[in-house]
There are 2 protein chains.
Amino acid sequence: MKPFHSYQNPSLAVDLVVFGYHENTLSVLLLNRKEEPFKDQWVLPGAFVQMQETFQDSCSRVLQTKLGMDKLYLEQLYTFDAPERDPRGRAIAVAYYALVNPSKFEIVAGTMANDVQWFDIHKIPALGFDHKEIFTTACQRLRSKILYFPVGFELLNDLFTMTELHELYECILGISIDRRNFRRKILDAEFIINTGKKREGLQNRHPELYKFNQKLKQNNFQLNI
Amino acid sequence: MKPFHSYQNPSLAVDLVVFGYHENTLSVLLLNRKEEPFKDQWVLPGAFVQMQETFQDSCSRVLQTKLGMDKLYLEQLYTFDAPERDPRGRAIAVAYYALVNPSKFEIVAGTMANDVQWFDIHKIPALGFDHKEIFTTACQRLRSKILYFPVGFELLNDLFTMTELHELYECILGISIDRRNFRRKILDAEFIINTGKKREGLQNRHPELYKFNQKLKQNNFQLNI
DNA sequence: CTACTTTGCGTCAAAATAACGCAAACAAAA
DNA sequence: TTTTGTTTGCGTTATTTTGACGCAAAGTAG
């Protein structure tokens, strides 16, 4: 499918903010550039959009070829168009963010090339292009989205404890939330379902295991935390 | 500023959802197409993005040349990339929405070409391309944004009455809101400022005139209506 | 058996909300 | 002038929601 336009169009790329949650830390995946411009600097992974593919296709291609990942939760963030954002010429970036669940986090961390690395979102180095701005936008989106969409479940395993969910929210929102009030609000909103199972192991009291309530993908709700 | 890419890039356009509020009705500006495809059908106004201009520039160009409007409040909505969205070939659309205040609404309505027309958002005809989807996205954005950003003021005159603001909210949200509770919440949030002036005229009791509180452009707030 | 930690559930005062009542301010009719 | 009807501004009250805690059961470790 060719472009039907006679004159030239700007270059079009997708850039990805890949979030992972591991050991009570929210991290982002960065790539160390091997070419100019911004050689040896850290940047967000990305790729040019091919003529026939959708943005989601482009994102999947980046995730698979550059990062060795399966399909993840993906959501479009914003499209960045500042004329000087790429020193090589006019380039539009459609930013997406992705969420990696903990099981994949470790696999990825183990097999990653040394030019790919997880960074704690509070310890991000200087980034090339306008990627700092993209990263900041992604963090804001995640923080607001978590209050009215069960986006956090993409960052946890299928079964999780109330404490894990609680700590995830504290981590993403950057605030401390009363454990007991959090529990009440989450349960009142029918946000999650108690599976009846318990996590056995080296812990103290064995916590109950919850799962995500699928109905919430349709219904809107509002968590006032 | 040329694209630095060797292979071809998709066509890139901006599409605009222009909202106007007049006589207690929220309307959108539509254009009747004179060429194929979708000849004689209604579509959203739009234009191809020139190599050197930002999206905002492209939007302003559309608003001025096609619709004869000044600069308006503009916000990026979403970027649409379905491969078949344009039958002529691959085309990406960056959608924006714009808000027109009432004084300009009437000027525009008076001088508009007969291929441009305001439509009540509840009486939208069939639209060409994927513009129905873009329109729907814009309505949703407006509804959610009005609760945490004073976006509604762009649709009213500088000075307005509490009743006007109240009716605007009912119209956009599509629900009925208790007049007295609405007043209390708006005033508690320091959403607006009482100017002390009153609107004289043919009404009954002369209502007080309010203005938008500029401080709210920075501060976040949440209206629970 | 005794600490100590984690987890689940409950209480209660304070704040926010929804659902109204009511009278002042004005225009128009009587 | 007086009356009637409408709009506007400001309350009140019962109910719900929230925030800040207490407390004991279920575990582990000494």
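Proteins get letters first, then strands, A, B, ... in listed order; numbering begins at 1 in each. Values reported hereafter were calculated over all heavy atoms of this structure, with side chains retained and with hydrogens, waters and symmetry mates removed.
- Between A:Phe182 and A:His166, the two ring planes are tilted [angle within 30° to 60°].
- Listed candidates were C:dG8, C:dT17, D:dT8. Nearest to the side chain of B:Pro207 is D:dT8.
- Of the two residues contacting DNA chain D, namely B:Tyr210 and A:Gln203, the nearest-nucleotide position lying further toward the 5' end is that of B:Tyr210.
- Electrostatic pairing of A:Lys145 and A:Glu75 counts as a salt bridge here, judged by a charged N lying under 4.0 Å from a carboxylate O.
- Contact annotation: side chain of B:Arg205 to base of D:dT8, donor-acceptor pair present below 3.5 Å.
- Between A:Ile186 atom CD1 and C:dG8 atom P there is a gap of 14 Å when expressed in whole angstrom units.
- The CD1 atom of B:Ile177 sits 17 Å away from the C1' atom of C:dC20 (whole-angstrom rounding).
- At a cut-off of 3.5 angstrom, counting only N and O atoms as typed in the model, there is a donor on one side and an acceptor on the other between the side-chain of B:Asn181 and the base of C:dA19.
- Checking D:dG22, C:dA27, D:dT8 against the side-chain heavy atoms of A:Arg180 singles out D:dG22 as nearest.
- Checking B:Thr54 against B:Asp57 by side-chain atom types alone, a donor-acceptor pair falls below 3.5 Å.
- For D:dG11, its base never sits under 3.5 Å from the side chain of B:Arg183 at any donor and acceptor pair.
- Side chain of A:Asn204, nearest nucleotide from D:dG9, C:dA18, C:dT5: C:dT5.
- A donor-acceptor contact under 3.5 Å is not formed by the side chain of B:Arg184 with the base of D:dG9.
- When heavy atoms are screened at a 4.0 angstrom cut-off, B:Thr161 is found touching no nucleic acid atom at all.
- The distance between the ring centers of B:Phe191 and B:Tyr210 does not fall below 6.0 angstrom.
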